[in-house]
Every structure is written in C-alpha cells, then in structure tokens.
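Here's the structure, in structure tokens; my notes come after.
Both counts, for ligands and for their atoms, begin at 1 and track the order of listing.
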Amino acid sequence: MTQLTIEKVTSRIGAVVHGINARELLPEAHKAFIHDALLRHKVIFLRDQFLDDAQHEMFSRVFGDPILHPTIPAAAGTPYTFELNSHNGRSTDSWHTDVTFVPAYPKASILRAITIPPYGGSTLWANTATAYDDLPAPLQQLADTLWAVHGNDYDTNFYKYDTRHEEIADFRARFISRLYETEHPVVRVHPETGERTLILGHFFKEIRGIPTQHANRLLEIFQSYITQIDNTVRWNWKPGDVAIWDNRATQHYATADFDTHPRLLRRITVRGDIPLSITGEKSRLLKGPDNGQDLDH
Ligand SMILES: O=C(O)CCC(=O)C(=O)O
Ligand SMILES: [Fe+2]
C-alpha cells in the first residue's frame with residue numbers, strides 16, 4: 001500500500017496529503033489517515049486527482065453522508081454536487097462557514113478544481129479553534145456566553161455586488177427561496193476533537209440581547225482573531241486539486257481577483273451534527289420549513 005505523507009502548509013492550518021488516489025475506493029487505513037489529518041490540520045489538500053462527479057461523491061463518503069444545499073439544487077445530472085461557476089469575476093469573497101443558517105450545518109466540504117483562471121481565484125481558510133485559543137481570557141469568557149442568530153438572507157456578500165445585475169439578483173432569489181434562521185452558541189465544542197471553536201462568519205445576523213450596532217462591533221472583534229493573516233492559509237489552485245475542510249473548525253474566503261476569466265469548481269458537503277455550547281445546550285432552528293439538512297433528493 002502506498003505510504004501516505006503529510007506536508008504542512010502553515011503552522012496553524014492546512015496540509016497537503018501525498019499518496020492518496022481519491023479516484024479509487026480507499027483502503028481503510030487511508031480513510032483513517034486522511035480523517036485524522038483533517039481533524040488535526042482543518043483543511044487538507046490533494047493534488048492531481050481529476051475526479052469526475054461520481055468519484056467525487058464516492059470520495060466524499062469517506063467523511064460522511066453527502067447532503068443537498070437547503071435551497072440551491074444539485075448541478076444537473078448529479079445527486080449532490082454544488083457548482084461554483086464564475087464568468088463575471090465574482091466569487092464568495094467574504095469569510096464564512098458553510099450553511100450556518102441551519103442547526104446541523106455540514107461537517108465537511110470537499111471541493112474540486114476544474115477550471116482555474118490564469119491568475120487569482122485563490123481560496124483562504126482560517127482556523128476557528130486557534131482563533132478561540134488566541135482570545136484573551138475575558139473575551140473567551142464573553143464569547144462562551146453569547147448566542148448568535150444566523151440567516152440565509154444575509155447581505156454582506158450580495159450587496160457588495162450590484163443586485164440590479166440579473167445574474168446576482170437571480171442567484172440571491174434562489175438562495176433565499178426558503179428562509180432559514182438558526183440560533184447558535186458563538187462557541188461550540190467540536191464533537192470529535194473537544195476543541196472550542198467560534199461559529200460566526202457572513203450568515204451572522206445578530207447577537208441575542210445586544211443591540212445590532214454593538215453586536216456588529218463584537219463580531220468584528222471576534223472575526224479579527226479568526227482572519228488575522230497568521231491564522232489562515234491561502235491555496236492557489238491547480239486543476240485536479242481537491243480541498244477538504246472541517247466546516248466545524250474553519251471559515252473560508254474565495255478571492256475575486258481573476259477579472260472575468262472562467263473559474264469552475266464543484267463541491268460536495270457532508271452531514272454535520274447539531275452544535276453544542278460549552279454547557280451542552282443545542283443550536284436551535286428559529287425559522288425554516290425543516291432543519292434544512294434532512295432533504296432527500
Ligand atoms: O469558490 C471557492 O473557492 C469556494 C467557495 C465557497 O465558499 C465554497 O465552496 O463553499
Ligand atoms: Fe463556502
């Protein structure tokens with residue numbers, strides 16, 4: 001069996017795993033190795049995989065059960081694939097954790113690069129566990145007590161762009177075709193590592209019991225610990241690359257610095273569990289037709 005090796009990309013987050021062939025069924029030892037690497041390094045990169053949709057789905061099952069996005073249907077001809085297809089220079093260029101507007105938001109996302117622009121179009125990830133560790137004790141104690149509301153009708157990213165533009169207006173309309181809101185603890189206990197991680201990012205709407213203008217300032221303070229440069233990793237994609245991130249311990253950001261060159265990636269997310277606060281209290285759905293991640297295709 002091929003020997004697997006790990007090459008760290010930065011001290012705090014990100015590692016390349018060498019020796020994995022994700023196109024084929026993985027031996028159990030490889031599955032355990034890559035899962036352990038994910039928990040330790042938060043985002044794992046594989047080079048030269050060139051997966052098709054079926055291989056991508058099979059590989060994603062190493063990490064859990066694939067799930068649909070609560071509002072955006074799967075790409076044509078696939079059961080679970082979420083497509084990121086840009087021809088207009090736009091990207092998800094705001095820091096977020098995927099789908100935090102539902103309680104059991106995804107455990108992990110598995111993203112593969114198909115078409116990459118000649119320059120730019122990178123993705124950055126930030127470690128929300130080390131960010132919590134970095135907080136001075138009084139800020140940790142504050143964060144430990146806070147609950148925040150997350151919703152899919154967030155405006156950070158959409159209104160940065162001109163929603164009079166038909167394509168953007170159309171995507172936003174589909175994104176909010178069902179409205180979801182969820183109340184999460186700002187600090188969750190990671191179900192596998194026991195680490196404390198921060199649940200914030202662009203779906204954040206408000207903090208319970210704090211006026212919005214002050215809550216937004218608190219958000220900025222906490223986000224500044226998450227996104228400080230030494231707490232992040234930046235990945236410059238090559239076609240065939242695969243990135244897997246622990247969505248319970250990271251945020252990410254896709255740079256919009258590739259003009260109008262085409263950029264195409266495909267993503268599969270796997271089912272997560274409902275976050276628990278440090279006192280064992282569960283996140284709660286406030287608005288939405290279901291818990292958002294139990295839709296079967
Ligand atoms: O376009 C990218 O690189 C990542 C976009 C994103 O936010 C995601 O796939 O969840
Ligand atoms: Fe994302």
Query raised in the report: So which heavy atom in the protein is nearest atom 1 (O) of ligand 1, and how far is it from that ligand atom?
Result: Arg263 NH1, 2.8 Å

Query - Atoms in ligand 1 flagged as close to Thr92, the criterion being non-hydrogen separation under 4.0 Å - result: 5 (C), 7 (O)

Requested in this report: Apply the test side chain to side chain contact (heavy atoms under 4.5 Å, CB included) to residues Leu265 and Ile114: give CA-CA distance (whole Å), side-chain angles for both, the deciding distance (0.1 Å), then the verdict.
Outcome: CA-CA 5 Å; Leu265 297 94; Ile114 300 166; over 6 Å; no

Query - His184 and Tyr105 aromatic centres sub-6.0 Å - result: yes

Query raised in the report: With a 4.0 Å heavy-atom cut-off (strictly under), which part of Trp245 contacts ligand 1: side chain, backbone, both or neither?
Result: side chain

Query raised in the report: Is it true that Asp133 and Arg12 make a salt bridge, defined as a side-chain N closer than 4.0 Å to a carboxylate O?
Result: no

Query - Atoms of ligand 1 close to Thr123 [distance to a heavy atom under 4.0 angstrom, numbered from 1] - result: 2 (C), 3 (O)

Query - Short N-O contact, Lys42 and Glu195, less than 4.0 angstrom - result: yes

Requested in this report: Could you tell me whether a side-chain N or O of His56 sits under 3.5 Å from a main-chain N or O of Arg112, the two making a donor and an acceptor?
Outcome: no

Query raised in the report: Would you call Glu220-Arg217 a salt bridge at under 4.0 Å N-O?
Result: no

Query raised in the report: Nearest non-hydrogen atom to atom 5 (C) of ligand 1 belongs to which of Asp93, Asn247, Leu265, Leu84?
Result: Leu84

Query - Full working for side chain to side chain contact (heavy atoms under 4.5 Å, CB included) between Thr81 and Glu57 - result: CA-CA 8 Å; Thr81 302; Glu57 183 192 326; over 6 Å; no

Query - Hydrophobic cluster identity match, Leu26 and Ile44, side-chain contacts under 4.5 Å - result: yes

Query raised in the report: Charged N to carboxylate O below 4.0 Å: is that the case for Arg263 and Asp93?
Result: no

Query raised in the report: Which atoms of ligand 1 are found less than 4.0 Å from any heavy atom of Asp98?
Result: 10 (O)

Requested in this report: With the Fe ion (ligand 2) as the centre, enumerate protein N/O/S atoms below 2.8 Å in chain and residue order.
Outcome: His96 NE2, Asp98 OD1, His252 NE2

Query raised in the report: Which of the numbered atoms in ligand 1 are below 4.0 angstrom from a heavy atom of Arg267?
Result: 8 (C), 9 (O), 10 (O)

Query - Polar contact flag for Trp237 and ligand 1 (N/O pairs, less than 3.5 Å) - result: no

Report summary line: Heavy-atom proximity to atom 7 (O) of ligand 1 ranks first, among Glu83, Gln251, His202, His96, for His96

Query raised in the report: Which atoms of ligand 1 are found less than 4.0 Å from any heavy atom of His252?
Result: 6 (C), 7 (O), 8 (C), 10 (O)

Query - N or O contact, Ser122 vs ligand 1, cut-off under 3.5 Å - result: no

**Report entry** Min side-chain heavy-atom separation Asp48-Lys238 under 4.5 Å
**Finding:** no

Query raised in the report: Centroid-to-centroid, Tyr119 to His261, below 6.0 Å?
Result: yes

